[in-house]
Amino acid sequence: MAISERRITPRFKLHTPLSFHRIKALSEGEQEAKAIDISTGGVYFVTSLAMSVGEAVEVLLEIPRRVTGAKATIRRYTGRVTHVESRDMPQGHSGIGVQLLYYEFAMALDSTCSV
């Protein structure tokens with residue numbers, strides 16, 4: 001039986017750095033990760049931090065032009081963890097899917113700026 005596709009926005013396989021933190025655990029500080037997939041509605045990344053479905057997170061991420069069709073920007077998203085996968089991941093790591101709920105611009109990027 002085929003798995004039904006629930007995605008409603010295109011997904012891009014972009015290995016872009018990001019930082020994130022749990023909203024209810026600010027004392028843990030920012031965690032670094034690398035995005036595996038990005039869409040306008042979510043991001044998937046790998047981390048060694050144990051996370052649970054439903055947790056609120058804040059994600060700082062560069063969104064390239066090919067995702068939005070607009071100028072590349074760094075955005076600070078508020079989102080929630082929608083799935084956690086440990087299968088096919090390195091020991092002690094999990095793949096984390098986050099639904100991006102809303103954002104604020106952190107900065108716009110031009111051709112002379114790098115993250």
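Starting from 1, each residue takes its place in the sequence as its number.
- For the pair A35 and F45, the tightest heavy-atom approach, listed with the atom from each and the gap, is CA-CB, 4.1 Å.
- In this structure, L100 and V43 have side chains that are in contact, with non-hydrogen atoms separated by less than 4.5 Å.
- At a threshold of 4.5 Å between non-hydrogen side-chain atoms, the residues F20 and E32 do not count as touching.
- Contact of the T78 side chain with the Y103 side chain is not registered, since no non-hydrogen atoms from C-beta on lie closer than 4.5 Å.
- Using a 4.5 Å heavy-atom threshold, the side chains of H21 and E28 count as separate.
- Using a 4.5 Å cut-off on side-chain heavy atoms (C-beta onward), I96 and V46 make no contact.
- A salt bridge links E58 and R76; the closest N-O separation between the charged side-chain nitrogens and carboxylate oxygens is under 4.0 Å.
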Audit row: I23, V57, side-chain contact (heavy atoms from CB on, under 4.5 Å) steps and yes/no
CA-CA 5 Å; I23 291 177; V57 293; 5.5 Å; no
Mind running side-chain contact (heavy atoms from CB on, under 4.5 Å) on L61 and I74 for me, showing each step along the way?
CA-CA 6 Å; L61 174 66; I74 297 177; over 6 Å; no
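- Checking E104 against Y77 by side-chain atom types alone, no donor-acceptor pair falls below 3.5 Å.
- Rounding to the nearest 0.5 angstrom, the gap separating the CG atom in D37 from the OG1 atom in T16 is 11.5 Å.
- Nearest heavy atom pair, residue L49 against residue Q31, reads CD2-CG, 3.9 Å.
- Residues V59 and V53 fall within the same hydrophobic cluster, defined by Ile, Leu, Val, Met, Phe, Trp and Tyr side chains chained together at heavy-atom separations under 4.5 Å.
- In this structure a side-chain-to-backbone donor-acceptor pair under 3.5 Å is missing from T73 to R75.
- Looking at H83 and E85, their side chains come closer than 4.5 Å, going by heavy atoms from C-beta outward.
- For the pair S39 (side chain) and G42 (backbone), a donor-acceptor distance under 3.5 Å is present.
- Nearest approach of S19 to E30, heavy atoms of both residues: OG-OE1, 3.1 Å.
- Using a 4.5 Å heavy-atom threshold, the side chains of T82 and V98 count as separate.
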